[in-house]
Amino acid sequence: MVTIISTMETQVSNGPSGTSLPNGPVISTNGSTDDSKTNLIVNYLPQNMTQEEFKSLFGSIGEIESCKLVRDKITGQSLGYGFVNYVDPNDADKAINTLNGLKLQTKTIKVSYARPSSASIRDANLYVSGLPKTMSQKDMEQLFSQYGRIITSRILVDQVTAGISRGVGFIRFDKRNEAEEAIKGLNGQKPLGAAEPITVKFANNPSQKTGQALLTQLYQTAARRYTGPLHHQTQRFSMIPSLGKGPDPNSSSKPILDNLLNASYGVKRFSPITIDSMTSLAGVNLTGPTGAGWCIFVYNLSPEADESVLWQLFGPFGAVTNVKVIRDFTTNKCKGFGFVTMTNYDEAAMAIASLNGYRLGDRVLQVSFKTSKQHKA
DNA sequence: TACGATT
């Protein structure tokens, strides 16, 4: 059993990102040790790396004064980064030269000097949405750099289409006040040439992710591995006469589509809870077909709805590559709608025809292809 | 909360 080494503390609140320090002496006003040349932050560690492995890897470079793999206070999950403080600054330098960029499983680790712990660098991370799909990370940095020094930035990409921007990203500034100014200056503004304004706000702390959300992440990762094999489901629905008419509204009101599931003739459908072998997520590869697929909008989900509901609803109709329940970030309750991506048009159309108007509990679902974002009149 | 997205 792994011991939880640390919880959220001052230095940890820097978040999973660090940066190099300029050379030169650091003036200490409180007499504390200057560790600016010995203390490193290590980012993008594999999820399953232990404190012991972490120490072993960095201890191979030289004598360590202290090191810490950062874990979530509640769940004990690794947050994917840690700190290493060497006795000798030369070893810190050597660790950067030797281990930065090292590939461990699916990750490429980043090793750099840690910034000194300070209140002013806390909560300096921004979440940006509504970015034009054509905007690169460089473009985004250029847009934000007028407000301060950028420590890290990232644009999220669609894993299925391998590299297409999802229009959302992150910017971490060196200082919180810089981040605040960027919000004031850029939130609701249209980047040059963009059709829509962007949203800029403080990012949520990933460590605040609920257990439910963590499980969802695991489900989705695992589910993608099944995307290819599930593809052959296409054929079998032509043999189910009742599907086109939708479920019988007079049948029992047992939860979640008993009718449709029974109609599946025992063909194994994907269900998150049946997934085993999630113990080792090492070496997960995205195999199988890629492509955008058909995005379906599902409205009138209950506040308690989760991703497994969508998998169960849509899985019987064919290849589902992605599901998403949209939640309020404060309450974590479903906002009443979600999205499902299906690979094949025919299957998506059949799912829509069957599930639109379907009664789920005491709600009637509205299901359609996703439309483009609404504009103000 | 009627068309998102949280490294």
Side-chain angles (χ1 to χ4, degrees), chain A residues 14-18 41-47 70 72 77-81 106-110 123-133 135 137 140-141 150-161 163-173 179 196-210 212-214 216-217 220-221 292-307 310 321-341 352 356 363-377:
Chain A
N14 295 1
S17 176
I41 182 168
V42 185
N43 287 292
Y44 311 116
L45 293 166
Q47 178 67 41
V70 180
D72 181 271
Q77 289 259 334
S78 167
L79 296 183
Y81 68 101
T106 62
K107 304 285 190 176
T108 302
I109 70 171
K110 176 184 174 186
D123 304 320
N125 197 26
L126 298 180
Y127 175 76
V128 189
S129 60
L131 293 166
K133 299 290 194 285
M135 182 176 272
Q137 181 183 12
M140 184 173 72
E141 286 205 0
I150 293 169
I151 301 302
T152 57
S153 72
R154 171 161 301 184
I155 288 181
L156 302 189
V157 296
D158 186 334
Q159 289 191 305
V160 179
T161 55
I164 305 298
S165 168
R166 293 162 63 189
V168 300
F170 295 89
I171 293 269
R172 179 180 295 277
F173 280 100
E196 300 298 329
I198 61 174
T199 299
V200 184
K201 57 205 273 194
F202 283 109
N204 293 350
N205 187 334
S207 69
Q208 290 167 352
K209 190 177 278 190
T210 65
Q212 174 66 251
L214 283 169
T216 294
Q217 196 170 52
Q220 307 244 116
T221 302
W294 301 88
C295 192
I296 298 168
F297 175 63
V298 185
Y299 179 70
N300 213 15
L301 297 169
S302 87
E304 315 305 326
D306 66 4
E307 271 72 10
L310 294 179
T321 57
N322 190 256
V323 302
K324 184 75 183 175
V325 167
I326 304 304
R327 295 183 172 84
D328 181 287
F329 267 96
T330 306
T331 66
N332 208 36
K333 299 288 187 188
C334 174
K335 291 162 86 166
F337 62 98
F339 298 92
V340 174
T341 304
I352 290 169
N356 185 40
R363 292 162 174 271
V364 177
L365 298 183
Q366 293 177 44
V367 183
S368 62
F369 283 112
K370 179 186 184 299
T371 65
S372 60
K373 189 179 170 185
Q374 289 181 352
H375 293 212
K376 295 184 298 246

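The model shown is predicted, which means the values in this text are computed figures rather than measured ones. So you know, we letter chains A, B, ... as the sequences are listed, proteins then strands, and number each from 1.
Remark: C1' of B/dT1 and CZ of A/Phe297 are 11 Å apart, rounded to the nearest angstrom. Between the CG atom of A/Asp328 and the C1' atom of B/dA5 there is a distance of 15 Å, given to the nearest Å. The CG atom of A/Asn356 sits 18 Å away from the P atom of B/dA2 (whole-angstrom rounding). Rounded to a whole Å, the NZ atom of A/Lys370 is 11 Å from the P atom of B/dA5. Distance NZ (A/Lys335) to P (B/dC3): 9 Å, rounded to an integer number of Å. Rounded to a whole Å, the CZ atom of A/Phe329 is 10 Å from the C1' atom of B/dG4. Between A/Ile326 atom CD1 and B/dC3 atom C1' the separation is 9 Å, expressed in whole Å. We find that CZ of A/Phe170 is positioned 11 Å from P of B/dA5, with the value rounded to whole Å.
For the pair A/Arg166 and B/dT6, the criterion of a side-chain N or O lying under 4.0 Å from OP1 or OP2 is met. OP1 or OP2 of B/dT6 has at least one side-chain nitrogen or oxygen of A/Lys324 nearer than 4.0 Å.
Here A/Phe339 lies parallel enough and close enough to stack on the base of B/dG4, with planes under 30° and ring centres under 5.5 Å apart. Residue-nucleotide stacking is present for A/Tyr299 and B/dA2, judged by a side-chain ring centre under 5.5 Å from the six-membered base ring centre and planes under 30° apart.
In this structure, A/Lys201 reaches the bases: a heavy-atom distance under 4.0 Å links it to at least one base atom across the strands shown.
Between A/Tyr127 and A/Phe202, the distance separating the two ring centers is not shorter than 6.0 angstrom. Ring centers of A/Phe339 and A/Phe297: under 6.0 Å apart, within the cut-off.
With hydrogens and angles ignored, the 3.5 Å screen pairs no side-chain donor or acceptor of A/Glu196 with any backbone N or O of A/Pro132. Although no hydrogens or angles enter the test, the distance criterion places no donor-acceptor pair under 3.5 Å between the side chain of A/Gln47 and the main chain of A/Gly80. With hydrogens and angles disregarded, no donor-acceptor distance shorter than 3.5 Å links the side chain of A/Asn300 to the backbone of A/Leu365.
Distance from the side chain of A/Leu156 is smallest to B/dT7 among B/dA2, B/dT7, B/dC3. In this structure, of B/dA5, B/dG4, B/dC3, it is B/dG4 that holds the atom nearest to the side chain of A/Asn322. Counting only heavy atoms from C-beta on, A/Asn204 has its side chain closest to B/dT6 among B/dG4, B/dT7, B/dT6.
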